[in-house]
Amino acid sequence: MSVVEQYARAHIVSDAVVPLADELEAVPVTLRYDPDHDPRSVRMGLPGAGGGEWTFRRELLEEGLRAPAGSGEVRVWPCGRVQVVVEFHSAQGVSVVQFERQTLMRFLRRTYVAAAEPVTH
């Protein structure tokens, strides 16, 4: 099975101690899925002070495209017709990441294709 890595642009708002340079501009975010490592999870790499890499259920991302989903550290919900918000909670604060819905849908489609690929040795 192959790893899916997709780069996306997103708007990030963070209440971390050191704010991002310009929260109004879109920043690069890395979306990653490795079915050999953990077929049920996706990883999202955020830049800047509110950043780091977050791992959470792929199902949570899919559910959050349609209706508010999640609790605790990661929450996902639709924002209007074309946006999706992913909210990350940590001891350092909260980061709210806003994506184009189509970007996350394209990433999820690619993860399902990767998970369905036959294993070759």
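Summarising the geometry, atom SG belonging to Cys79 is positioned 13.0 Å from atom CZ belonging to Phe99; distances are rounded to the nearest 0.5 Å. Atoms CZ and CD, from Arg57 and Glu63 in turn, are 5.5 Å apart once rounded to the nearest 0.5 Å. Between the CG atom in Leu104 and the CG atom in Leu61 there is a gap of 5.0 Å [rounded to 0.5 Å]. If you take CG on Asp38 and CZ on Arg43, they are separated by 8.5 Å, rounding to the nearest 0.5 Å.
In terms of heavy atoms, Pro35 sits closest to Ala114 at CG-O, 4.4 Å. Residues Val97 and Ala10 come closest through the heavy atom pair CG1-CB, 3.5 Å. Across all non-hydrogen atoms, the minimal contact from Pro78 to Pro68 is CD-N, 3.9 Å.
For Ser90, the side chain to side chain donor-acceptor pair (under 3.5 Å) criterion is met by Gln92, not counting sequence neighbours. When the side chain to side chain donor-acceptor pair (under 3.5 Å) test is applied to Glu5, the partners found at least two apart in sequence or on another chain are Tyr7, Arg32. With sequence neighbours left out, the ring-ring contact (aromatic ring centres under 6.0 Å, His included) criterion links Phe56 to no other residue. By the side chain to side chain donor-acceptor pair (under 3.5 Å) test, Arg9 pairs with no residue at all, sequence neighbours left out. Scored by the side chain to side chain donor-acceptor pair (under 3.5 Å) test, Glu100 finds Gln83 as partners (sequence neighbours excluded).
Residues in residues 103-113 take part in these side chain to side chain donor-acceptor pair (under 3.5 Å) pairs, two or more places apart or across chains: Gln6-Arg110, Arg58-Thr111, Glu62-Tyr112.
Proximity of Val42 to Phe107: side-chain heavy atoms (C-beta onward) are separated by under 4.5 Å at one or more points. Side chains of Met44 and Val29 form a contact here, defined as non-hydrogen atoms less than 4.5 Å apart.
With hydrogens and angles ignored, the 3.5 Å screen pairs a side-chain donor or acceptor of Tyr33 with a backbone N or O of Pro39.
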